[in-house]
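The chains referred to below are lettered A, B, ... by the order of the sequence lines, with proteins before strands, and numbering in each begins at 1.
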There are 2 protein chains.
Amino acid sequence: MAVRKRDPEKTRTHLLQVGFQEIYQNGFQGVSVDQIVGKSSVTKGAFFHYFPTKSDLGYAIVDEFLREMILERWIRPLAAYPNPVQGILNRFKKNIVAWPEENLIRGCPLNNLSQEMSAVDPVFREKLQVVMNLWIDETEKYLKKAKTDGYLKKTVQTKQLAQFIVTLQEGTYAMAKTLGDRKVFDSLYGSLRAHLEILSSSPTRDDVRE
Amino acid sequence: MAVRKRDPEKTRTHLLQVGFQEIYQNGFQGVSVDQIVGKSSVTKGAFFHYFPTKSDLGYAIVDEFLREMILERWIRPLAAYPNPVQGILNRFKKNIVAWPEENLIRGCPLNNLSQEMSAVDPVFREKLQVVMNLWIDETEKYLKKAKTDGYLKKTVQTKQLAQFIVTLQEGTYAMAKTLGDRKVFDSLYGSLRAHLEILSSSPTRDDVRE
DNA sequence: TCTTTTACATACTAAGTAGTATGTTATGAT
DNA sequence: ATCATAACATACTACTTAGTATGTAAAAGA
């Protein structure tokens with residue numbers, strides 16, 4: 001056929017994308033289904049064809065969107081670094097430098113959704129938990145690698161450190177959001193770096209590549 | 001004087017208290033005015049007599065309630081410790097140990113409100129910013145004291161450290177909320193403690209003080 | 001004591017809200 | 001070509017929402 005008039009997969013992901021954006025900007029409870037379909041080019045009928053309830057859209061965003069976002073932003077890039085500790089610091093730096101101004105007061109989508117919905121909806125809680133644990137666990141894998149490769153002191157508890165790193169990263173975005181000030185990025189990056197330098201067996205070099 | 005039939009101050013603070021509880025449990029956008037007046041013993045007419053809009057209740061909670069809560073929980077107790085660094089660690093420990101089980105997945109009220117409302121409502125943002133800055137600034141005052149009293153290395157940048165401490169504390173509650181696991185309290189407390197020990201001129205111990 | 005003002009209470013409204021009922025049309029299988 | 005089904009579209013509903021209109025009783029002031 002010449003032109004496709006229907007593309008269900010595309011329609012669904014389109015709804016996920018628009019839904020993500022709207023939720024990111026207004027919060028899950030602050031957004032209506034009408035608002036989401038209004039911003040996209042599909043109708044309410046289509047929306048409820050793909051997602052039986054508004055919550056189901058939110059769940060799908062966590063499962064398919066936020067999960068992917070975390071892996072892409074924080075985990076996969078680490079594979080390129082011989083020293084994972086250096087990699088973690090480097091990626092943190094790059095991510096905060098590249099963080100767009102309009103997102104400063106919007107914070108981290110994962111954290112936003114978790115702080116808003118975890119206590120309210122147990123399904124959200126469980127799904128957000130899974131993504132957060134994935135983030136921490138994958139970070140820990142790289143810390144273990146760093147340890148065996150001699151980049152981290154043998155006494156370092158990798159799980160504790162992984163939790164610390166992710167917590168501080170999330171906390172950094174949350175604090176930047178609350179204070180509405182980019183400067184906290186540098187300040188907290190500096191603190192994380194100092195912390196990691198202490199735990200490194202060889203000094204973590206100063207030249208963070210651009 | 002016989003019995004007071006009306007006590008405007010009490011009615012108002014009652015609404016603040018009930019409002020705080022309901023918002024803490026359901027989020028600001030997840031709570032309705034009807035819900036709040038339903039849980040209290042006043043009517044809708046009374047509510048709107050004190051607060052022209054639902055948002056105004058939220059603002060008042062930040063200004064009068066959260067601000068007080070932060071000072072009482074995190075700042076004022078520090079006055080009792082000769083070594084403020086020890087005080088900060090000690091209070092953190094005490095607060096997480098005493099943190100009730102049902103609040104674990106509810107997180108920190110200040111952080112909740114900020115993550116939910118800062119991006120949505122600029123008035124909330126400004127008010128939450130004020131409270132957060134108060135927390136950081138008051139913490140820094142104690143860090144400066146610690147420095148002059150010889151408990152912290154002279155090289156320590158107190159503002160950066162204050163931001164780091166508050167961010168990690170907030171982050172700790174946020175992570176415990178997301179993971180629904182008390183163990184992260186101990187893990188992150190351990191990390192903060194290790195961090196502060198490095199910056200202390202004399203070893204920070206639970207039982208030993210200089 | 002009388003009057004004004006504050007502190008409530010009751011009933012209502014207009015504008016959303018998530019979700020449904022009921023279509024119609026495209027598409028893939030037979 | 002036919003038919004079943006998936007992919008939408010439109011119109012509606014039952015309910016909730018913040019806020020208002022209007023009233024009344026208790027205090028405070030004169």
Check your understanding: Would you say B:Arg182's side chain and B:Trp99's backbone share a donor-acceptor pair under 3.5 angstrom?
Key -> yes
Review point. Would you say the base of D:dA27 and the side-chain of B:Arg6 have a donor-acceptor pair closer than 3.5 Å?
Key: no
**Study point:** Stretch residues 33-41 of chain B: residues that reach within less than 4.0 Å of DNA chain C through a heavy atom
**Key:** none
Review point. Would one find a side-chain N or O of B:Thr11 under 4.0 angstrom from OP1 or OP2 of C:dA7?
Key: no
Exercise for review: Kindly check if the number of other-residue, nucleotide or ligand heavy atoms within 6.0 Å of NZ (A:Lys145) is above 12?
Suggested key: yes
Check your understanding: Expressed in angstrom and rounded to an integer, what is the separation of A:Glu9 atom CD from D:dA7 atom P?
Key -> 10 Å
Check your understanding: If you measure from the Lys or Arg side-chain nitrogens to the Asp or Glu carboxylate oxygens, is any gap between A:Arg12 and A:Asp7 under 4.0 Å?
Key -> no
Practice item. Inspect the contact between B:Arg67 and B:Glu72 and indicate whether a charged nitrogen and a carboxylate oxygen are less than 4.0 angstrom apart. Key: no
Check your understanding: Between B:Phe185 and B:Tyr173, does the ring centroid distance fall short of 6.0 Å?
Key -> yes
Revision key, fill the gap. Expected list for residues 17-31 of chain A near DNA chain C, using heavy atoms below 4.0 Å, is A:Val31
Point to revise | Side-chain donor/acceptor of A:Trp135 to backbone N/O of A:Thr139, under 3.5 Å | key: no
Point to revise | Worked check of salt bridge (charged side-chain N to carboxylate O under 4.0 Å, His left out) between B:Lys93 and B:Asp186 | key: CA-CA 8 Å; B:Lys93 182 75 179 173; B:Asp186 295 324; 3.6 Å; yes
**Study point:** A:Glu9, CD atom: more than 12 neighbouring heavy atoms under 6.0 Å
**Key:** no
Check your understanding: Do B:Ser40 side-chain atoms and B:Val37 backbone N/O form a donor-acceptor pair below 3.5 Å?
Key -> yes
Point to revise | Close residues, residues 43-58 of chain A, relative to DNA chain C [heavy-atom separation under 4.0 Å] | key: A:Lys44, A:Phe48, A:Thr53, A:Lys54
Point to revise | Centroid separation A:Phe28 to A:Phe124 less than 6.0 Å | key: yes
Point to revise | Interatomic distance where CZ belongs to A:Arg12 and P belongs to D:dA6 [whole Å] | key: 16 Å
